[in-house]
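Data block below; observations after.
Small disclaimer: the values here were computed from a predicted structure and weren't measured. All chains are named by letter (A, B, ...) in the order of the sequence lines, taking the proteins before the strands, and each is independently numbered beginning at 1.
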There are 2 protein chains.
Amino acid sequence: MAKRKAVSIKDVARESNASLTTVSLVLNNRDGRISSATRERVLSAVERLGYRPSRLAQSLQSQRSGFLGILVPQLRHAFADVYFGELISAIQETAAEHDYKIILDVANPRYLERNHHLELFRRHYIDGLLCLGVTNNDTYLADFGEGQPVIVVNNRVQDVDLDFVQCNYVEAGRIAATHLCELGHRHIGYIHGATEVQTTSDLRHGFEEILQRFDISLPPSHFEDGLYTEEGGADAAIALLKRDPSITAIFSGNDKMAIGAISGLKRIGKRVPEEVSVIGCDDVHQSEFCDPPLTTIHTPIFDVGARACTMLLDLISSKQETVRETKDVSLTVRNSTAAPQTGRNGSPQ
Amino acid sequence: MAKRKAVSIKDVARESNASLTTVSLVLNNRDGRISSATRERVLSAVERLGYRPSRLAQSLQSQRSGFLGILVPQLRHAFADVYFGELISAIQETAAEHDYKIILDVANPRYLERNHHLELFRRHYIDGLLCLGVTNNDTYLADFGEGQPVIVVNNRVQDVDLDFVQCNYVEAGRIAATHLCELGHRHIGYIHGATEVQTTSDLRHGFEEILQRFDISLPPSHFEDGLYTEEGGADAAIALLKRDPSITAIFSGNDKMAIGAISGLKRIGKRVPEEVSVIGCDDVHQSEFCDPPLTTIHTPIFDVGARACTMLLDLISSKQETVRETKDVSLTVRNSTAAPQTGRNGSPQ
DNA sequence: AGAATATGATAAAACCTTTTACCGAATCGA
DNA sequence: TCGATTCGGTAAAAGGTTTTATCATATTCT
């Protein structure tokens, strides 16, 4: 199939009776050194031959790949998660605006064991890396060093001194707690996600801070792990209400689990929000379309992704030395929360 | 910050008192030419220096980038769509198994206008391309040619002769229609997605084929565009029932719109499935967690993505000349469909 | 007019591999 | 012992660009 060889700068040089160097200078507008006559000659040859410089050769020479990496953890189907998807959309869009392309990697055990994360830089795959969904267990993050720009997106890592852009999850916890308390709830369940995620703790700290202020106790029996999945959320909600039927409100660490929780509550015949209020966290798109529409903490995920990408580019071009940003969150009230029913239905006071 | 220069094969050669060539031969196991003594010497030097070959130089030399491209259309936040996400997960996983990496591009108008899709190959960004979410309007697909392996994923393009891997949407339409008809529905609404998508027509053809067999008419007033979004699905369902209150079942072109439709129906006080049945298509993960859980056509999206990726690799390595595959689909019955209520509530017979 | 400076273009080095072709030394067969 | 192999290894080319240093030629200054 004689896949005819790609045209190179040499071909252009020959075609235009100019030297290799001249062609390069013209193409890169290296100051007016070249006469407009030769410039035209070169340009027309480029046009005629349909020449486009090889990005491989360019990268080799410039020692810049023009790629940004996105590293996500190994989950069921990581990319089918709207939370990650939203971040990736934001990152891709921002990167494209700056003529960078995105490459996608999944940090599974095999990957890490083979040090593929280090190869990303050492073998010049990428110029910078964005890490999504990291946990405090991800010790490999400590492997990155000098000249390897890395930003942790919407999280932090406890023991590793890495740059990050995140939402204020402590505040998110406070807002959620305040909302429930002010509605009058006193028996509250808490569905959390993986505890090794830093923002999971942040959220809980903020939440408990406010509960204490309202003098409400949150016994261990009111906590349940929802695994950050719908199924987990459903199971957790059911477990919580079985263990303590007086619970009138549930805070879920993310919307996914909250939606699962609503589905679980319905399954055991509890009406939302009449009998049990549910509040989530994230404000993903579909929260508007579950039944009832979910009250949740709005976190500016898209902005965080875009900002992280911009900052990464600044790190790469040495416009920044270090990045540490925390974005504000807010309450989005829909219909899954209400004041608790007084009297009859349980609620032993 | 003296970012100390990366160690190159030259450094290894010097360190191990061998020639450049020898080092390369050892590293690539080019037949037993090298004595085990030198081999050891080289290997230990590699170890000591922490040498890793530059993939840029390798790619330049081999004329293979080691990347696969994924091109998605411009949508709200394309990657935050579980359907695309599932495909991307499958592709990424398969590619990684074969030591390929994935790069992500969004085909927005600016991108296409600048012919960035062609640059992908011409500038050696990628060795092969997977196109997601294409429509019959995407004429740029015709630009790809010889030596540019491209596969359309879970779709086809009417006028362009491109390789594809897809689900059998004609059959999906048939199955959905059969299900509704056998339940006894006679007044059926149809929420469709973008008509410029080939599978949209396939689905409809299959659906109408069965309705004719059951001698049921589907007047234009029973069609509504749901824009492939939740909002669109909700609006469409409401419009359909306002226009013809005798409708007892709705088929939706994807689950997203179906979930929206359920939410819309509830909003106007219609119970699902007692008053109106809803059946979707795709079987996305969350269909299990809406209320009621959605009856839908299961399409093996993940398999399609994985298969498309495998086939693309075969095209690249010339193990295949052409790819045309259609995967089976099946019915997943949950609780959003039921027999129509007889008598009282409308249903003029 | 002779020296100094612009101007326009180019040869060569550098970026880092892999592969091809070749070379000297040792081994082997006759 | 001569010619043919095998063995172990290397120099050089190729892959395609950018950048640096250099070289002619033309122009300007004194």
Side-chain angles (χ1 to χ4, degrees), chain A residues 3-43 45-46 49-66 99 119 121-125 127 147, chain B residues 3-43 45-46 49-66 99 119 121-125 127 147:
Chain A
K3 177 188 206 171
R4 66 184 174 298
K5 269 181 50 169
V7 349
S8 90
I9 197 170
K10 264 186 201 161
D11 303 313
V12 178
R14 190 173 330 107
E15 176 83 8
S16 62
N17 279 320
S19 80
L20 229 169
T21 315
T22 306
V23 177
S24 174
L25 291 177
V26 168
L27 259 37
N28 297 286
N29 294 318
R30 282 280 163 277
D31 302 46
R33 322 229 344 96
I34 310 296
S35 73
S36 60
T38 14
R39 143 174 268 99
E40 284 313 316
R41 223 165 1 105
V42 168
L43 255 24
V46 166
L49 270 48
Y51 166 73
R52 301 268 52 212
S54 157
R55 136 211 164 244
L56 282 169
Q58 285 180 322
S59 291
L60 178 59
Q61 144 70 30
S62 67
Q63 298 292 81
R64 290 257 164 138
S65 69
D99 285 312
E119 308 256 302
F121 284 107
R122 295 212 294 195
R123 306 193 59 193
H124 304 281
Y125 278 103
D127 299 333
Chain B
K3 179 186 204 173
R4 64 183 175 301
K5 273 181 42 171
V7 348
S8 90
I9 198 170
K10 263 185 201 161
D11 302 313
V12 177
R14 191 172 331 107
E15 176 83 8
S16 62
N17 280 318
S19 81
L20 232 170
T21 315
T22 307
V23 177
S24 174
L25 292 177
V26 169
L27 259 37
N28 297 288
N29 295 318
R30 283 280 163 278
D31 300 47
R33 321 225 348 92
I34 309 298
S35 72
S36 60
T38 15
R39 146 174 264 98
E40 284 312 317
R41 230 174 346 116
V42 167
L43 255 24
V46 166
L49 271 47
Y51 167 73
R52 303 265 54 212
S54 157
R55 127 202 175 251
L56 282 169
Q58 285 180 324
S59 290
L60 177 59
Q61 143 73 29
S62 67
Q63 298 293 77
R64 291 256 164 140
S65 70
D99 285 312
E119 307 256 301
F121 284 107
R122 294 213 295 195
R123 306 194 57 194
H124 304 282
Y125 278 102
D127 299 332

Measure from CG on A:L20 to P on D:dG16 and round the result to the nearest Å. 11 Å
Short side-chain N/O contact from A:Q58 to OP1 or OP2 of D:dG16, under 4.0 Å: no
Is a donor on one side and an acceptor on the other found under 3.5 Å between the side chain of A:S59 and the backbone of A:R64? yes
At under 4.0 Å, does any side-chain N or O of B:T38 touch on OP1 or OP2 of D:dG9? yes
For atom CZ of A:R55 and atom P of D:dG16, their distance in whole Å: 14 Å
Where the side chain of B:A57 is concerned, which of C:dC16, C:dT18, D:dT17 is the nearest nucleotide? C:dC16
As a test of reading the structure: which of D:dT10, D:dT18, C:dT17 is closest to the side chain of B:T22, going by heavy atoms? D:dT10
Between the base of C:dA9 and the side chain of A:S35, is there any donor-acceptor pair under 3.5 Å? no
Separation of C:dC16 atom C1' from B:L27 atom CG, nearest Å, is 13 Å
Between the main-chain N or O of A:N17 and the side-chain N or O of A:R41, is there a donor-acceptor pair closer than 3.5 Å? yes
Closest approach to the side chain of B:A18, judged atom by atom: which nucleotide of C:dT18, D:dT10, D:dT18 is it? D:dT10
Are A:R122 and B:V7 side-chain neighbours, meaning at least one heavy-atom pair lies under 4.5 Å? no
CG of B:N29 versus P of C:dT18: gap in Å, rounded? 12 Å
Can you tell me how far P of D:dT19 sits from CG of A:L25, to the nearest Å? 9 Å
Counting only N and O atoms by type, is there a donor-acceptor contact under 3.5 Å from the side chain of B:S65 to the main-chain atoms of B:Y125? yes
Residue that, paired with B:V26, satisfies side chain to side chain contact (heavy atoms under 4.5 Å, CB included) out of B:T21, B:V12, B:T38, B:L43: B:L43
Hey, does B:T21 reach any base, or is it just sugar-phosphate, or nothing, if we go heavy atoms under 4.0 Å? base
Just N and O in the side chain of B:S19: are any of them under 4.0 Å from OP1 or OP2 of D:dT10? yes
OP1, OP2 of C:dT18 versus side-chain N and O of B:S24: anything below 4.0 Å? yes
Within this structure, what is the CG-to-C1' distance between B:L60 and D:dT18, rounded to whole angstrom? 13 Å
For A:S8, which contact category applies under a 4.0 Å heavy-atom criterion: base, sugar-phosphate, or nothing? sugar-phosphate
Heavy atoms only, 4.0 Å cut-off, all strands: where does B:L56 land among base, sugar-phosphate and nothing? nothing
Would you mind classifying the nucleic acid contact of A:R52 as base, sugar-phosphate or nothing, using non-hydrogen atoms under 4.0 angstrom? sugar-phosphate
If only side-chain N and O atoms of B:S62 are considered, is one of them under 4.0 Å from the OP1 or OP2 phosphate oxygen of C:dT18? no
Just N and O in the side chain of A:Q63: are any of them under 4.0 Å from OP1 or OP2 of D:dT18? no
Residue pair B:L56 / A:R55, side-chain heavy-atom distance below 4.5 Å: yes
What's the CZ-C1' distance between B:R39 and D:dC7, to the nearest Å? 15 Å
Rounding to an integer number of Å, can you tell me how far A:R41 CZ sits from C:dT10 C1'? 13 Å
